Peer 1: 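One structure coming up, written as structure tokens, with questions to follow.
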Amino acid sequence: AGLILFNTNVSHKAGDLYGQSAFKNGQPFKFTKMLSALPAVLFAFDAFLNVGSLRSKMKNPSKLPFVVFVGMLSVLILYILIALAAILHGSGLVSGAPMGASPEAGYGIFDQIFNKETATAMGKFTTVMIAISTFGVMNGMSAASVSVIEQSIETNTIFGMKFFRRKVGDLWTLFIYQGITMLFWTLVIGLPAAIMNSDVMIDGASNMPTLFFFAIYGATILLYTINRGKMETKKMNKFIYYTFAILAILGITIGVGYQLFYGFLIEAIMHHDVQTHWGLYAPNSYDGKFSTFDAMPFYLVMITLFFA
């Protein structure tokens with residue numbers, strides 16, 4: 001609906017940027033802002049790796065690559081359609097209802113193209129569907145987390161696992177390491193969030209590691225490309241492989257490099273007042289004022305933990 005009815009605006013806020021196409025609102029395109037949005041964008045696609053940890057529990061493990069491909073392609077198409085609708089309506093919200101805004105404000109796409117009653121109903125329906133999908137994501141992530149620890153226990157990958165397996169068995173070892181993991185992130189993320197009474201740290205901590213992992217993906221592709229001729233693997237068409245490999249390496253280098261070195265370090269030092277825009281519920285007692293300079297110590301801690 002957002003793509004078909006992109007010239008429709010039934011709200012009372014037609015004079016501001018909401019409801020106006022991004023091509024016509026006079027706001028210049030900034031490549032750096034697109035790069036700044038990468039952590040959240042990459043985070044949305046990063047969970048596909050967890051599917052691999054569940055391969056051993058599938059009835060037909062050979063179908064895993066096809067499942068991942070279809071899933072990623074479906075999500076990519078859906079996100080592209082939503083992004084196009086957002087661009088044409090000058091709004092990143094499907095509905096303003098979850099943020100407590102009335103349809104008359106015209107903050108959401110539904111608010112702009114439907115009347116008040118329909119927009120309200122569509123907003124509530126969207127909220128319910130998001131809640132259902134959230135539980136689905138939590139279920140998948142929880143299952144993957146348990147599976148990863150189970151595999152680590154089988155191979156004694158993490159320090160101390162062999163000792164606990166001998167003393168209390170595999171099941172209790174799983175409980176112990178899952179508990180340690182939850183306690184660790186509660187102290188690193190949950191405690192600061194509770195003190196600040198804001199979710200900015202939780203949002204930032206969930207997006208930031210994605211950059212590190214995509215940096216590893218880029219390095220992996222680069223190393224494989226260099227040694228591709230020496231490795232005995234099933235190889236696809238050279239033109240297709242090298243085209244997409246080069247695009248992936250360049251994209252990751254530019255996007256991730258910009259955020260890791262410029263966004264969280266150089267810009268943070270040069271411009272102390274640049275806001276991070278982290279957090280869905282940030283505007284509370286902390287007032288959502290969390291700059292890139294404030295985030296820099298946390299970023300350095302995350303880097304240390306990652307390489308440790």
Side-chain angles (χ1 to χ4, degrees), residues 1-48 68-134 136-137 203 206-207 210-211 214 243-244 247-248 250-252 254-256 258-259 263 277-280:
L3 292 174
I4 298 173
L5 304 175
F6 63 90
N7 281 323
T8 304
N9 192 331
V10 298
S11 72
H12 302 296
K13 300 282 287 185
D16 59 19
L17 295 181
Y18 290 102
Q20 297 184 36
S21 169
F23 298 108
K24 301 178 180 179
N25 61 16
Q27 298 295 309
F29 171 78
K30 291 186 178 180
F31 183 70
T32 54
K33 286 190 175 182
M34 184 183 73
L35 294 177
S36 298
L38 274 179
V41 174
L42 296 178
F43 174 77
F45 288 91
D46 195 36
F48 78 93
V68 173
F69 173 77
V70 173
M72 290 288 289
L73 183 62
S74 301
V75 172
L76 179 63
I77 293 174
L78 179 62
Y79 281 5
I80 289 175
L81 293 176
I82 294 175
L84 289 174
I87 291 171
L88 293 173
H89 287 269
S91 174
L93 301 174
V94 174
S95 171
M99 309 302 295
S102 63
E104 291 90 342
Y107 291 150
I109 297 174
F110 290 154
D111 304 331
Q112 297 170 18
I113 62 179
F114 297 122
N115 58 43
K116 179 179 179 180
E117 291 73 20
T118 304
T120 300
M122 294 291 286
K124 292 180 178 179
F125 174 77
T126 302
T127 302
V128 171
M129 295 305 295
I130 291 175
I132 293 174
S133 65
T134 300
V137 171
D203 189 21
S206 62
N207 289 338
T210 304
L211 293 172
F214 267 85
T243 299
F244 283 96
L247 289 175
L250 288 177
I252 291 174
I254 296 173
V256 175
Y258 172 86
Q259 274 297 317
H277 301 293
W278 290 352
L280 180 61

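All values derive from a computational prediction rather than experimental measurement.
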Peer 1: Nearest 0.5 Å, what's the CE-CD1 distance between Met72 and Ile77?
Peer 2: 12.0 Å
Peer 1: Just how far is it from atom OG1 of Thr243 to atom CG of Leu247, taken to the nearest 0.5 Å?
Peer 2: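 If I round to the nearest 0.5 Å, the distance is 7.0 Å.
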Peer 1: Would you name the heavy atoms of Phe214 and Val256 that are closest together and state the gap between them?
Peer 2: CB-CG2, 4.1 Å
